[in-house]
*Asks:* 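First the structure, which I've put down as structure tokens, then a few questions once you've had a look.
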Amino acid sequence: AQHSGIAVDTDLQEVDLSPALQLTVYRIVQESLTNIGKYAQARHATVRVQRHAAHVTVEIRDDGTGFTPGAVPAKSHGLAGMRHRVEAAGGRLTVTSALGDGTTISAVQNVDQVRTSGLELAYSAQSVWIRGLDLGGSLTWANSRITANAANPASVGKWQPRVPRWRATAWATYKPDERWALTVAARYSGRQYSNLDNSDVNADTYMGASKYFTVDLRARYQIDKQLSAAFGIDNANNARYWNFHPYPQRTFSASLRWDL
């Protein structure tokens with residue numbers, strides 16, 4: 001791409017892949033950029049690698065002339081070779097293109113099998129103890145583990161990324177009259193992992209997924225039938241926590257709403 005004068009942007013998340021799959025991803029990106037330089041007449045390309053709970057996606061996009069996939073011979077532009085590589089690794093290759101609209105090549109590599117069991121309790125009631133006090137909440141326990149993954153054997157038996165063992169929410173809204181509504185809500189999430197092999201032992205950093213407990217506050221006032229005003233504080237306890245990127249700390253908001 002550098003030799004052809006194409007600007008290439010990258011958005012590359014750290015992912016857990018075996019050496020064989022790392023080579024597959026490298027070859028897919030290499031072949032895609034080679035095709036863009038030869039055929040696409042593009043000025044810009046983007047390479048994106050993203051990690052999800054049970055799979056990894058690789059996407060290469062350009063702003064070139066595009067083509068009609070169905071009108072191109074199956075062995076042209078190296079597409080057959082790329083598809084064979086991805087499918088041999090247990091993944092899926094998708095090519096999206098149209099004349100004048102650029103091309104996007106996406107490859108998805110899944111985890112073979114995940115087993116999840118759990119229990120969730122939920123509660124919601126109105127006018128509890130006193131008139132105008134509404135309460136609600138939920139408590140979730142999960143046991144989610146990778147049970148098969150030929151592409152990354154080190155991940156077998158490990159906890160599924162981004163699934164905490166415990167998660168809970170609770171809220172209370174008090175309406176002293178028809179105009180006011182005062183709400184306090186709390187959220188909790190237990191420890192999570194980002195890597196398939198659970199090797200990310202430091203959760204409180206970039207690309208980590210830490211446990212957290214936050215409290216949100218909100219006051220709403222109904223000015224008339226159509227107009228209402230609200231003021232809120234998200235993460236009022238100013239908790240510092242991460243889910244790949246840092247979450248916002250204490251945040252203030254105000255709104256004025258008009259309903260037709």
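None of the values given here were measured: they were computed from a predicted structure. Keep in mind that the numbers below use all heavy atoms, side chains included, and drop hydrogens, waters and symmetry copies.
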*Asks:* Ignoring hydrogens and angles, state whether a donor on the side chain of Gln113 or Arg115 is under 3.5 Å from an acceptor on the partner side chain.
*Replies:*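 Distance-only check fails for Gln113 and Arg115.
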*Asks:* Assigning hydrophobic clusters by single linkage (Ile, Leu, Val, Met, Phe, Trp, Tyr; side-chain heavy-atom cutoff under 4.5 Å), is Ile60 placed with Leu93?
*Replies:*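 The answer is yes; both residues are in one hydrophobic cluster.
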*Asks:* Please tell me whether Tyr123 and Leu121 are part of a single hydrophobic cluster in this structure, the criterion being side-chain heavy atoms less than 4.5 Å apart.
*Replies:*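 In one cluster: no.
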*Asks:* Nearest 0.5 Å please: distance from the NZ atom of Lys175 over to the CG atom of Asp177.
*Replies:*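 These two atoms lie 11.0 Å from each other.
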*Asks:* Looking only at the side chains, is there a donor atom on one of Ser138 and Thr169 sitting less than 3.5 Å from an acceptor on the other?
*Replies:*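 Distance-only check passes for Ser138 and Thr169.
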*Asks:* State the CD-CG distance between Glu120 and Leu139, to the nearest 0.5 angstrom.
*Replies:*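 That separation rounds to 8.5 Å.
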*Asks:* Whether the side chain of Asp63 engages the backbone of Ala42 through a donor-acceptor N/O pair (distance < 3.5 Å, no angle test) should be reported.
*Replies:*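 Between the backbone of Ala42 and the side chain of Asp63 there is no qualifying donor-acceptor contact (under 3.5 Å).
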*Asks:* Kindly say whether Gly232 contributes a backbone atom to a donor-acceptor pair with the side chain of Asp216 at under 3.5 angstrom?
*Replies:*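 Checking the backbone N and O of Gly232 against the side chain of Asp216, no donor-acceptor pair under 3.5 Å is found.
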*Asks:* Any side-chain heavy atom of Lys211 sitting closer than 4.5 Å to one from Ser189?
*Replies:*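 With C-beta onward as the side chain, the pair stays apart.
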*Asks:* Donor-acceptor check, side chain of Trp129 to backbone of Leu133, threshold 3.5 angstrom: yes or no?
*Replies:*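 Such a contact is absent between Trp129 side chain and Leu133 backbone.
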*Asks:* How many angstroms lie between atom CD of Gln13 and atom CD of Gln50, to the nearest 0.5 angstrom?
*Replies:*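 Here the rounded value is 5.5 Å.
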*Asks:* So that I know where these two stand, are Trp180 and Tyr221 an aromatic pair - ring centroids less than 6.0 Å apart?
*Replies:*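 Centroid distance Trp180-Tyr221: below 6.0 Å, so yes.
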*Asks:* How long is the gap from CD on Gln160 to CZ on Arg145, to the nearest 0.5 Å?
*Replies:*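 Nearest 0.5 Å value for the CD-CZ distance: 11.5 Å.
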*Asks:* Let's go through Trp141 and Arg165 carefully: what are the C-alpha distance in whole Å and the side-chain angles of both, what is the deciding distance for side chain to side chain contact (heavy atoms under 4.5 Å, CB included) to 0.1 Å, and is it a yes or a no?
*Replies:* CA-CA 5 Å; Trp141 172 83; Arg165 185 182 297 273; 3.5 Å; yes
*Asks:* Indicate whether the side chain of Asn149 and that of Ser155 have a donor and an acceptor atom separated by less than 3.5 Å.
*Replies:*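 Note: Asn149 and Ser155 side chains meet the donor-acceptor criterion.
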*Asks:* Hey, does the side chain of Asn235 reach the backbone of Pro248 with a donor-acceptor pair shorter than 3.5 angstrom?
*Replies:*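 A pair under 3.5 Å: yes.
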*Asks:* Determine, step by step, whether Thr65 and Gln41 satisfy the side chain to side chain contact (heavy atoms under 4.5 Å, CB included) criterion, reporting the C-alpha distance in whole Å, the side-chain angles of both residues, the deciding distance to 0.1 Å, and the verdict.
*Replies:* CA-CA 6 Å; Thr65 56; Gln41 301 178 33; 3.9 Å; yes
*Asks:* Taking all non-hydrogen atoms of both residues into account, name the closest pair between Phe213 and Ala186 and its distance.
*Replies:*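 Heavy atoms of Phe213 and Ala186 come nearest at CE1-CB, 3.9 Å.
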*Asks:* Once rounded to the nearest 0.5 Å, what's the spacing between atom CG of Leu135 and atom OG of Ser124?
*Replies:*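 One finds 8.5 Å between CG of Leu135 and OG of Ser124.
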*Asks:* So if you build clusters from Ile, Leu, Val, Met, Phe, Trp, Tyr with side-chain heavy-atom gaps below 4.5 Å, do Ile28 and Val47 land together?
*Replies:*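 Same hydrophobic cluster.
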*Asks:* Kindly say whether the aromatic ring centers of Tyr241 and Tyr247 come within a distance under 6.0 Å.
*Replies:*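 Tyr241 vs Tyr247: aromatic centres under 6.0 Å.
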*Asks:* Is there a path of hydrophobic side-chain contacts, each under 4.5 Å between heavy atoms of I/L/V/M/F/W/Y residues, joining Val156 to Val163?
*Replies:*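 They do not share one cluster, since no chain of ILVMFWY contacts under 4.5 Å joins Val163 to Val156.
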*Asks:* Applying side chain to side chain contact (heavy atoms under 4.5 Å, CB included), run through Ser144 and Val114 and close with a yes or a no.
*Replies:* CA-CA 7 Å; Ser144 183; Val114 175; 3.6 Å; yes
*Asks:* For Arg43 and Gly64, indicate whether the former's side chain and the latter's backbone hold a donor-acceptor pair under 3.5 Å.
*Replies:*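 The answer is no, because no donor-acceptor pair under 3.5 Å joins these two groups.
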*Asks:* Indicate yes or no: does Asp259 engage Arg257 in a salt bridge with an N to O separation below 4.0 Å.
*Replies:*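 Judged by the 4.0 Å cut-off on N to carboxylate O distance, Asp259 and Arg257 do form a salt bridge.
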*Asks:* Which atoms form the tightest heavy-atom contact between Ser255 and Arg218, and what is the distance?
*Replies:*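 Of all heavy-atom pairs spanning Ser255 and Arg218, the closest is OG-NH2, 4.3 Å.
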*Asks:* Under 3.5 Å, is there a donor-acceptor pair between the side chain of Ser97 and the main chain of Val95?
*Replies:*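 No, because the side chain of Ser97 does not come within donor-acceptor range (under 3.5 Å) of the backbone of Val95.
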*Asks:* What's the separation between atom CD1 in Ile233 and atom OG in Ser253, rounded to the nearest 0.5 Å?
*Replies:*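 Between Ile233 CD1 and Ser253 OG, I get 8.5 Å after rounding to 0.5 Å.
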*Asks:* For the residue pair Leu256 and Leu227, establish whether any side-chain heavy-atom pair is separated by less than 4.5 Å.
*Replies:*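 With C-beta onward as the side chain, the pair touches.
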*Asks:* For a quick test of reading the model, state the closest non-hydrogen atom pair linking Ala45 to Ile6 and the distance between them.
*Replies:*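 Scanning both residues, the minimum pair turns out to be N-CG2, 4.0 Å.
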*Asks:* Side chains of Thr173 and Asp134: do they bring a donor and an acceptor to under 3.5 Å?
*Replies:*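 No donor-acceptor contact under 3.5 Å links the two side chains.
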*Asks:* Tell me if a side-chain donor or acceptor on Arg220 pairs with a main-chain N or O of Ala230 at a distance below 3.5 Å.
*Replies:*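 No, because the side chain of Arg220 does not come within donor-acceptor range (under 3.5 Å) of the backbone of Ala230.
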*Asks:* Decide whether Val184 and Tyr212 are clustered together by the hydrophobic rule: side chain heavy atoms of Ile, Leu, Val, Met, Phe, Trp, Tyr closer than 4.5 Å, transitively.
*Replies:*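 Looking at the clustering, Tyr212 is in a separate group from Val184.
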*Asks:* For Arg61, what residues pass the salt bridge (charged side-chain N to carboxylate O under 4.0 Å, His left out) criterion, not counting sequence neighbours?
*Replies:*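 Glu59.
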*Asks:* More than 12 heavy atoms of other residues, nucleotides or ligands under 6.0 Å from CZ of Arg240: yes or no?
*Replies:*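 For Arg240, atom CZ is not crowded (no more than 12 foreign heavy atoms under 6.0 Å).
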*Asks:* Does atom CD of Gln30 have more than 12 heavy-atom neighbours, drawn from other residues, nucleotides or ligands, at distances under 6.0 Å?
*Replies:*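 Yes, enclosed.
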*Asks:* Ignoring hydrogens and angles, state whether a donor on the side chain of Asp62 or His44 is under 3.5 Å from an acceptor on the partner side chain.
*Replies:*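 The criterion, which ignores hydrogens and geometry beyond distance, is not satisfied for His44 and Asp62.
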*Asks:* Between Thr116 and Asn143, is the side chain to side chain contact (heavy atoms under 4.5 Å, CB included) condition met? List the steps.
*Replies:* CA-CA 6 Å; Thr116 302; Asn143 182 20; over 6 Å; no
*Asks:* Are the side chain of Arg250 and the backbone N or O of Ala236 linked by a donor-acceptor pair below 3.5 Å?
*Replies:*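 Present.
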